[in-house]
Peer 1: 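Can you keep this structure in mind? I'll have questions shortly.
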There are 2 protein chains.
Amino acid sequence: MSKHSQNKLMKIVIDCLGGDNSPFANIDGTLITMKKLPELSAVFVGDEAEINAELAERGAAVAFPGRIEVVHAPGVITGEDKPTDAIRLKKDSSMIRAISILREDESVGALVSSGATGSLVAAATLRIGRIRGIKRPAFCPMLPAMTGGIVGVCDSGANVDISPRQLLEFAVLGSCYLKSAFGIENPRVALLNIGTETEKGDELRKEAYPLLAGCENINFVGNMESRDLLTGKYDLVVCDGFSGNVLVKTTEGTALQLLKKIKTDIMSRKKYMIGAAFMKKMFMEEKEFMNYQNYGGSVLLGAEKVLVKCHGSGDAAGFAVCVEQAFRMQSGGMNEMVSRILKEIDEKNEREE
Amino acid sequence: MSKHSQNKLMKIVIDCLGGDNSPFANIDGTLITMKKLPELSAVFVGDEAEINAELAERGAAVAFPGRIEVVHAPGVITGEDKPTDAIRLKKDSSMIRAISILREDESVGALVSSGATGSLVAAATLRIGRIRGIKRPAFCPMLPAMTGGIVGVCDSGANVDISPRQLLEFAVLGSCYLKSAFGIENPRVALLNIGTETEKGDELRKEAYPLLAGCENINFVGNMESRDLLTGKYDLVVCDGFSGNVLVKTTEGTALQLLKKIKTDIMSRKKYMIGAAFMKKMFMEEKEFMNYQNYGGSVLLGAEKVLVKCHGSGDAAGFAVCVEQAFRMQSGGMNEMVSRILKEIDEKNEREE
C-alpha cells in the first residue's frame, strides 16, 4: 500500500453508461487517473457484471485496494429521453443513481458523466443544491488560445435571461474554476461586449461593468470584443448564456468551415495537392487544436458538488482528463473558494449600504 | 450621348473625404461604377479644387456629360471627433454637407461615405428620417458562405436592447436589401438562437419566433445555431445588435487567428515550409475570402434614404462596389418595398385584433 493511499481519499462517483464508448472508456479513463492520483477513489455506477469484468481484466482490485466501489444501476438515459421524464421514470439508470449518490453520500464530492447533457443538467439542478449566493449554475467550456493557453467562457448556454449580479457570479465561479482546476493564479476576467470602451453595450453590460470593476476578489481587466477571444489576452470571458453560446459555437463553426474550405480548395489544383502532401499532419493538428472538446469537460459551475460532463463520443483518454479535472476542482477547494468570495462580496455590499 | 443617359438619372451623393485613400479612391471608384451604370449621376462633396483636378485628369467631363456635380466642403471628420460635436461644429465638413444634401435634395436618393462610422450613423439618425414603421435603423454586413454565396447579419450592432417586433423589422429590412442589392429572389431568413428547436432561447427569441413564422412577407426558415452561419443554408440571419456583433466579430476573429496560427505552424518545420510554397496563393485567397469588407459596405438599413458606409481603408475598387450597391438598393426600390411590406403586416395585425 502506498504512502498516499493512507491519506484521506477523495471520492468521485463515475456514471459508467450513456457515452458512445461506455462503459469501457469511462472505467479505463478513471483507472488512468487513479494511477496518477493516489488520493483518488471511485464509485462506479452501471451494470455491475460489466464493470466487475472490466475491473478484473485491468487487475484493479490489486492495483487500487480499498479505492473502488461498484453500484449496480444498469439503466441508460439517452439523448432521446425527455429530461423530466428520465428523472422521474428511470430511477434505476446509472445517471440518476449516480446523482443520488452524489447528493446523499457526504464522502463523495464530484461526479463525472458522459451521458445526455439535458438530463444531467436537469437532474443536477433538481437534486443537487446550489452554492449559497449563486442564483443558477453555469457552463464554462474552455477554448484554445492561439498563444498556447486556454480561455474559459462562462456562461455558455445554461442561463439566457440574466441579471448584472449573475455576471458577477459567473466571474467568481469561472475565476475559482481556473484557479482550482488549471492552476491559473490570477485569472484575467473580461466582460464580453461590443466594444472595449467602458460605456459600451446594452443595459445588462452597462450595469454589470461597475459591479465587476468594483469587485476586489476578481482580476477584472475590462470589456472584450469577440474578435479577441483567442488572442490569449484573457483567461475568462463572462457573458449571458445566449451570447456565450453564440461566441463558442461561432468559434467552433468558423474554424471547422474554414478548414473544410481549405480542404476543398486543396483538391481543386494539383499544385495545392502536392503542397498539402507535406502538411497533412499539420492540418490534422489544426483541426484537433480547434476542437474545444479536447480542453476538458463541460463543467457545470455553481452546484454544491462538482459536476463534469464528458464529451459523449470521447475515449478513455478524454474521460481521464475529465476525472482529473473533477478531482482538482474538489481537492483545490473550488466551491469553498466561491462561497468565501461571495460572502466577502455580500458583506462589503452590506457595509456600503 | 448613350441611349441610357437620356433615361431618368439616379443621383448619389459621394462623401469624398474621411477614408485612408480619400479623395482619390472615392472619386475613381465612383467613376468606375458610373461607366458601368449609365443611369448613375454623382454629387461629389469635398475639396472642390482637389475633386476638379482628379475629374479633369480622368476626363470625366467628356465621359459623363451632365452627370457630375461638385460641392465644396473641405472639412474632414475623423474617428477622433465625438459624433455629436462633429455634427454640431463641423458643418463645413464633407460628411455633414453630404448628409444635408441627401436630406434636402429630393433628386438624391443615396449616400456613400468612407468616413468615421460613429459620426455617420449619428448624423444619419439625427438628420435623415426613418422608413415609416421602422423603430431604428440597423446594420447589415454580408459574410461569405463557404458554398460561394453570401449571408447577411441584421442587426450587427446598431441596436442592443430591442423588442421582438424589431427582429421582425430586421427580417423585412434584410430581405428587401438582399432582393434589391443582390438579386436574391426569396431570401431564407433565420433567427439566431442557441438551438434549432422552436421553443429555444431567451424571452426575446421566444416572443419573436411566432412573429417571424407568422409573417407571410418573408421566407422564415426557423432558428439557426451560430455554428451554421457559413454553411450556405441561410441568406439572412436576424438578431439583436449585441449577439449579432458577437456573431460577426467572432467569425472574423476566429478566421484571422486560425490563419495566423497556420502561418506560424508552417514556419516551425522545413517540411511544412516546402509544402506551403506550393500553396501561397491559396492562403492569400483564403484570407481575402474571409475578409467580410470585401462583400460590400456596411449598409445602414431603415433610414428614409439609402446609406452605404465603405471600409475606411478601402481602395477605388472597394468604393466602386459600394456605389453600385447604393445604386441597386435605390433603383431596386428597397425602401418602397420595405414600406409596402410593413404596411401589409400592420394591416394584417389590425384585422386580426
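Lettering follows sequence order; numbering is per chain, from 1. All of these numbers come straight from a predicted model, not from anything done at the bench.
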Peer 1: Using the side-chain contact (heavy atoms from CB on, under 4.5 Å) rule, pick out the option among A:E252, A:M290, A:Q257 that qualifies with B:T254.
Peer 2: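 The residue from A:E252, A:M290, A:Q257 that satisfies side-chain contact (heavy atoms from CB on, under 4.5 Å) with B:T254 turns out to be A:M290.
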Peer 1: Output the option from A:L230, A:L192, A:N193, A:T250 having the highest count of non-hydrogen pairs under 4.5 Å with chain B.
Peer 2: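 Most heavy-atom pairs within the cutoff with chain B belong to A:T250.
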Peer 1: Would you mind telling me which of A:N159, A:V248, A:I262 has the largest number of heavy-atom pairs within less than 4.5 Å of chain B?
Peer 2: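 Most pairs with chain B among the choices: A:I262.
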Peer 1: Take B:M279 and A:M279 through the test side-chain contact (heavy atoms from CB on, under 4.5 Å) and record every step on the way to the result.
Peer 2: CA-CA 11 Å; B:M279 302 163 83; A:M279 301 163 84; 3.5 Å; yes
Peer 1: Of all of B:V246, B:T147, B:L256, which one pairs up most often with chain A through heavy atoms under 4.5 Å apart?
Peer 2: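 Heavy-atom pair counts peak at B:V246.
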Peer 1: For A:L258, which atoms come within 4.5 Å of any heavy atom of chain B: side chain, backbone, both, or neither?
Peer 2: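 Interface part for A:L258: both.
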Peer 1: For chain B, which residues from residues 200-207 of chain A lie under 4.5 Å away (heavy-atom distances)?
Peer 2: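 A:G201, A:D202, A:E203, A:R205 fall under the 4.5 Å cut-off.
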Peer 1: Non-hydrogen atoms of chain B under 4.5 Å away: do they reach the side chain of A:S268, the backbone, both or neither?
Peer 2: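 Neither the backbone nor the side chain of A:S268 comes within 4.5 Å of chain B.
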Peer 1: For a quick test of reading the model, state the closest non-hydrogen atom pair linking B:S243 to A:F242 and the distance between them.
Peer 2: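 That closest heavy-atom pairing would be OG-CE2, 3.8 Å.
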Peer 1: Looking at B:I274, B:T251, B:D240, which one has more heavy-atom pairs under 4.5 Å with chain A than the rest?
Peer 2: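 Among B:I274, B:T251, B:D240, the one with the most close pairs to chain A is B:T251.
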Peer 1: Pair A:M282, B:I266 - check side-chain contact (heavy atoms from CB on, under 4.5 Å), show working.
Peer 2: CA-CA 8 Å; A:M282 191 196 80; B:I266 286 170; 3.8 Å; yes
Peer 1: When only pairs under 4.5 Å are counted, which of A:G157, A:A276, A:G241 shares the most heavy-atom pairs with chain B?
Peer 2: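 Going by pairs under 4.5 Å, I would pick A:A276.
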Peer 1: Looking at A:K249 and B:I194, what are the two nearest heavy atoms and their distance?
Peer 2: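 For A:K249 and B:I194, the tightest heavy-atom pair comes out as NZ-O, 3.0 Å.
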Peer 1: Sort A:D228 into side chain, backbone, both or neither according to what part of it lies under 4.5 angstrom from a heavy atom of chain B.
Peer 2: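 For A:D228, no heavy atom lies under 4.5 Å from chain B.
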Peer 1: If you count heavy-atom pairs under 4.5 Å with chain B, which of A:S226, A:G244, A:A255, A:G253 comes out on top?
Peer 2: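 Most heavy-atom pairs within the cutoff with chain B belong to A:S226.
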Peer 1: Evaluate the side-chain contact (heavy atoms from CB on, under 4.5 Å) criterion for residues B:K261 and A:E286: first the C-alpha distance (whole Å), next the side-chain angles of each, then the deciding distance (0.1 Å), finally the verdict.
Peer 2: CA-CA 8 Å; B:K261 180 173 186 297; A:E286 305 299 356; 2.9 Å; yes
Peer 1: Quick one: does B:K281's side chain get under 4.5 Å of A:Y272's, heavy atoms only?
Peer 2: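 Yes. Closest side-chain heavy atoms under 4.5 Å.
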